[in-house]
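In what follows, chains are A, B, ... by sequence order, proteins preceding strands, each numbered from 1. Heavy-atom basis, side chains included; hydrogens, waters and symmetry copies ignored. Just so we're clear, the structure is a prediction, and the values are computed from it rather than from any experiment.
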Protein chains: 2
Amino acid sequence: MRVGELSRRSGVPIPTIKYYLREGLLAPGVAVASNQADYGEEHLRRLLLVRALIDVGGVSVAGAREVVGALTAYADDPLELLGVAQSSVAPRHQPDRATPEWLAARGRVTELVAERGWLVEAWSPEMDQVADALAAGGSLGVPELSEKLGEYADTAASLAAVEVGMVLARPDPAARMELVVLGTVLGEALFSALRMLAHQHESKRQLELGKPGPGIAQ
Amino acid sequence: MRVGELSRRSGVPIPTIKYYLREGLLAPGVAVASNQADYGEEHLRRLLLVRALIDVGGVSVAGAREVVGALTAYADDPLELLGVAQSSVAPRHQPDRATPEWLAARGRVTELVAERGWLVEAWSPEMDQVADALAAGGSLGVPELSEKLGEYADTAASLAAVEVGMVLARPDPAARMELVVLGTVLGEALFSALRMLAHQHESKRQLELGKPGPGIAQ
DNA sequence: CAGCAGCGGATAGTGCTGCTATCCGCAACG
DNA sequence: CGTTGCGGATAGCAGCACTATCCGCTGCTG
């Protein structure tokens, strides 16, 4: 197929496809003449993957390029691929990490990981991100996040068990590698939205409990 | 205090503080002369809150303005405030929602919410976001997300129960309202990073299980 | 075989975001 | 009384994710 059909079938405008080609998010088609190229189903699929990363996962174009690159570069190393997928959804900004409060929070994270025997590298950027959230809470006088850290970790662990099991259940290695990426990125978006809905529900529920009796306003 | 001290104590550069003032993220100081103004502790606190939203939570400047606005506008309506806080962390992009696949996914979400008796508005943007993730997975031939939807929802519910309990445990109403915001935004960042760490751990653990025997490579 | 839509490739431009820089006249402090 | 810093205003900038335009060519249509 040529670019017009690719555009029609994916819903992505032609100039955007050309942009993705330039940026290396999409492999060039097979040149069939000086100014004609041919794209296959794998191009369509790759394009849909890129759009899912960008539109649903909120990944940047540069991040998406790294992810699709890693998908071929680490075709048989799920842990490396996982690392790239995880860093692609990392926040774009980051706070000042030179304060003593931050270092204390960071120490608390190292401790948590050690306590649980989690097999993660000591320099994981995600550990810094946990410290960021803890330190921000601390500087605003919100110790609750730090206090509930264990419960957050428990919940994360049980979700991760489900998700990793889901990925490893895939027999085909290539499809499994794609699921590493999609599980990381789409799973994040999915869970985040469900957490919001659950917050709405729980808030209403617990607020009602707090004010018993008939004639609850609104 | 004047802007220099505010800058020193918060770590935010003076031009950025001026920008936040212009953008309405920070209330103007009390004018004490034609070109001198005075800021208090509450300005410092607000500034730290704004930076936490932006740097840790990844909220946009416009989103942060809405959140701090809601904090005063809905000082006694936690549910309204929660809605604003939630929409501030919503993804900036969104996919095409006009396809039949998306509508089917959306139906599945309505069903899930109904089954569980979750008290959420039927038009919640978060429900659309769940459908976005499901539909993206579907179009890429990944039914797993949809299959595990119930487990995702269970996990989200148990996390939400902890978090809402944490917020409602605060006796002071003003501090509680701030915690609604911080719980939503920082809680998201915190959990997301922990989920990544748990993925690393679980992946290593389950991969080791899969290849038993001595001399496991690396 | 003429004509015209569409193609691939290249270059330039756009709109938005989140700051950053500069300038001004004035206040405060040593 | 001079230096430093302030507040307020305006302008500028870098990065991102596209979007528009142009060119010569291809290949299908009639």
Residue pairs, two or more places apart or on separate chains, that pass ring pair (Phe, Tyr, Trp, His ring centres under 6.0 Å) and touch residues 139-164 of chain B: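 Every candidate ring pair (Phe, Tyr, Trp, His ring centres under 6.0 Å) pair involving residues 139-164 of chain B fails, so no pair, neighbours aside, qualifies.
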Of all pairs that satisfy ring pair (Phe, Tyr, Trp, His ring centres under 6.0 Å), the ones with a partner from residues 65-100 of chain A, not counting sequence neighbours: none
Residues from residues 21-39 of chain B lying under 4.0 Å of DNA chain C - heavy atoms: B/Arg22, B/Ser34, B/Asn35, B/Gln36
Does [X] have any salt bridge (Lys or Arg N to Asp or Glu O under 4.0 Å) partners at least two apart in sequence or in another chain, and if so, which?
X	answer
B/Arg195	A/Glu163, A/Glu188
B/Arg9	B/Glu5, B/Glu41
A/Glu66	none
B/Arg65	B/Glu23

Polar contact flag, side-chain donor to acceptor under 3.5 angstrom, B/Gln200-A/Glu126: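 Distance-only check passes for B/Gln200 and A/Glu126.
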Pair B/Asp128-B/Trp102, side-chain donor/acceptor within less than 3.5 Å: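 No, B/Trp102 and B/Asp128 have no side-chain donor paired with an acceptor closer than 3.5 Å.
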Global bending angle along the helix from C/dC1-D/dG30 to C/dG30-D/dC1, which compares the axes of five pairs at either end, to 10 degrees: 10°
C/dG18 phosphate, OP1 or OP2, under 4.0 Å from B/Arg92 side-chain N/O: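 Indeed, a polar side-chain atom of B/Arg92 lies that close.
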Any A/Tyr19 side-chain N or O less than 4.0 Å from OP1/OP2 of D/dA20: no
Nearest-nucleotide 5' precedence on DNA chain D, B/His93 against B/Arg8: B/Arg8
Within residues 52-61 of chain B: residues closer than 4.0 Å to DNA chain D (heavy atoms): none
In whole angstrom, give the distance that lies between atom [atom1] of [X] and atom [atom2] of [N].
X	N	atom1	atom2	value
A/Ile17	D/dT19	CD1	P	12 Å
A/Lys18	C/dT11	NZ	P	13 Å
A/Arg2	D/dG27	CZ	P	8 Å
B/Ile14	C/dA21	CD1	C1'	13 Å

Counterpart residues, side chain to side chain contact (heavy atoms under 4.5 Å, CB included), relative to B/Pro28 (two or more places apart): none
Salt bridge (charged side-chain N to carboxylate O under 4.0 Å, His left out) contacts touching residues 68-91 of chain B (sequence neighbours left out):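 As it turns out, there is no salt bridge (charged side-chain N to carboxylate O under 4.0 Å, His left out) pair with a partner in residues 68-91 of chain B once direct neighbours are skipped.
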Would you list the atom pairs, donor with acceptor, under 3.5 Å between side chains in residues 30-40 of chain A and any protein atom, with sequence neighbours excluded?
| from | atom 1 | to | atom 2 | distance (Å) |
| --- | --- | --- | --- | --- |
| A/Gln36 | OE1 | A/Arg2 | NH1 | 2.4 |
| A/Asp38 | OD1 | A/Met1 | N | 2.8 |

